[in-house]
*Asks:* 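The structure's right below; bear with me while I get my questions together.
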Amino acid sequence: DVLEVAEAFAWLLARPGLAPQGWVGMAGFSYGAGPVLIAAMQPDINRQVRFVMSVGGYYDLHNVITYFTTGYADTGAALAARGAHQAGLRPPHPYSESVFIRSNLDLLERSVDRGFLRSYADYLLDSGADMDEPIPGTLAPDARAFYQLLVNHDPAAVPRLIDRLPERIRHLIESINPAAHDLSQLQARLILLHGRSDNLIPYTESVALSQALPAGQAQLFLIDGLAHVDLRPKAHDIPQLIAAMETLLAERTGETAGPVQ
């Protein structure tokens, strides 16, 4: 997906009628924001990516996995960045864990293990109904390592459990994990919009991304009336939303400087 995004960008850039200034912007939503961000770092296009807008995106997939399996995310840095404003995390929605399972099923060796984990993903979304939690049989080592990560509730154990995953799954995770890439290759400015009530990807991920970049390269907008990518703004969100829209429009109309050099 990263290469497809970069190739689509290069195709657009090569058409002066569509990109007369010689640069274009990118936008990514939810889990799509990671591949978009990494695509913007590709050396053959990174100086032509004027800006990247991320809505409900992430910085470190390890942190996201920790959140949707254990419910934990470190809010300390986020609170420090915003002074005394208190914003607690909502419990994670099981949809994220279900999607994570389905995204990796094809990487497991045995069909019987894929069938069990597919049933477990269904259970996560329907556990309030009459469906009983599926019980694993004798899982192959790759599926057992994957399942142990899914059912773990100790945040401190997550790094060790990720390290135990099959190499093909770990490779997929790191390939779309911005934290595993050299952010100095990112020349674009970032516009980060995230909801404090997001229960699929915690808002702390956009805070962490803004803090991982040089001062001034990212602008962060946190609002309450944004449930992941479903926007229902509250009255006190309006100034932040207007500021985010003005920032985006300024990039689109060329009222700001070009990409970071």
*Asks:* Does any non-hydrogen side-chain atom of Asn63 lie less than 4.5 Å from one of Tyr58?
*Replies:* no
*Asks:* Any heavy-atom pair between the side chains of Leu150 and Phe100 that's under 4.5 Å?
*Replies:* yes
*Asks:* Between Ser206 and Leu220, is any pair of side-chain heavy atoms under 4.5 Å apart?
*Replies:* yes
*Asks:* Verify the neighbour count for atom CG of Asp1: are there more than 12 heavy atoms of other residues, nucleotides or ligands below 6.0 Å?
*Replies:* no
*Asks:* Considering all heavy atoms of both residues, which atom of Pro233 and which atom of Ile238 are nearest to each other, and what is their separation?
*Replies:* CB-CD1, 4.3 Å
*Asks:* Ignoring hydrogens and angles, tell me if any N or O in the side chain of Arg144 forms a donor-acceptor pair with the backbone of Leu139 under 3.5 Å.
*Replies:* yes
*Asks:* Hey, is the main chain of Asp60 close enough, under 3.5 Å, to the side chain of Glu205 for a donor-acceptor pair?
*Replies:* yes
*Asks:* Taking C-beta and beyond as the side chain, do Pro159 and His62 meet within less than 4.5 Å on heavy atoms?
*Replies:* no
*Asks:* Is it the case that more than 12 heavy atoms not belonging to Tyr147 sit under 6.0 Å from its OH atom?
*Replies:* yes
*Asks:* Give a yes or no on whether the backbone of Lys234 and the side-chain of Asp224 come within a donor-acceptor separation of less than 3.5 Å.
*Replies:* no
*Asks:* Quick check: does any side chain N or O of Ser98 sit under 3.5 Å from a backbone N or O of Pro94, one acting as donor and the other as acceptor?
*Replies:* no
*Asks:* Can you confirm whether Glu133 sits close enough to Tyr120 that some side-chain heavy atom of one is under 4.5 Å from a side-chain heavy atom of the other?
*Replies:* yes
*Asks:* Does a side chain donor of either Gln240 or Asp237 reach within less than 3.5 Å of an acceptor in the other side chain?
*Replies:* no
*Asks:* So, the side chain of Gln185 versus the backbone of Gln42: is there a donor-acceptor pair under 3.5 Å, distance only?
*Replies:* no
*Asks:* Does CZ in Arg102 sit with more than 12 non-hydrogen atoms of other residues, nucleotides or ligands closer than 6.0 Å?
*Replies:* yes
*Asks:* Using a 3.5 Å distance criterion without hydrogens, assess whether the side chain of Asp198 forms a donor-acceptor pair with backbone atoms of Ile201.
*Replies:* yes
*Asks:* Return the minimal non-hydrogen interatomic distance between Gly56 and His228, and the atom names on each side.
*Replies:* O-CE1, 3.5 Å
*Asks:* What pair of heavy atoms forms the shortest contact from His181 to Met41, and how long is it?
*Replies:* CB-SD, 3.9 Å
*Asks:* Around atom CD1 of Ile135, are there more than 12 heavy atoms of other residues, nucleotides or ligands at under 6.0 Å?
*Replies:* no
*Asks:* So, do Phe116 and Tyr123 have ring centers that fall under 6.0 Å from each other?
*Replies:* no
